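Written out below as structure tokens is the structure these notes cover.
Values in this document were obtained by computation on a predicted structure and should not be read as measured data.
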Amino acid sequence: ETTRLIAPRLTVDHDNRAQVLSRHGLMPGQFAALAPGAEFGAAKRWPLRHWETLCDHLLGCGLKPVLLGSKG
């Protein structure tokens, strides 16, 4: 018997998306979301200079870098 794999699907709550973007003054297509943290310690994190280089590049492309993360 062959098992058929079903690809995962993502859904978007469009109302919530609009509220979050509005609350933070963001417009679709005008920013890049970055998550610089690492759950299991510094060994998994990029050095700060790499994030600086990436953010400079994004700004040069007309994109606003937006950092995501948690207190941890």
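Atom CZ of Arg17 is separated from atom CG of Leu26 by 10.5 Å, given to the nearest 0.5 angstrom. A distance of 10.5 Å separates CD of Gln30 from CG of Leu21, quoted to the nearest 0.5 Å.
Taking the side-chain contact (heavy atoms from CB on, under 4.5 Å) definition, one finds that Pro36 meets it with Trp51, Leu67, sequence neighbours left out.
Counting Ile, Leu, Val, Met, Phe, Trp and Tyr side chains that sit under 4.5 Å apart, directly or through other members, Met27 stands alone, with no cluster partners.
Taken together through direct or relayed side-chain contacts under 4.5 Å among Ile, Leu, Val, Met, Phe, Trp and Tyr, Phe31 and Leu59 form parts of separate hydrophobic clusters.
The number of heavy-atom neighbours closer than 6.0 Å to NE2 of His50, taken from other residues, nucleotides and ligands shown, is above 12.
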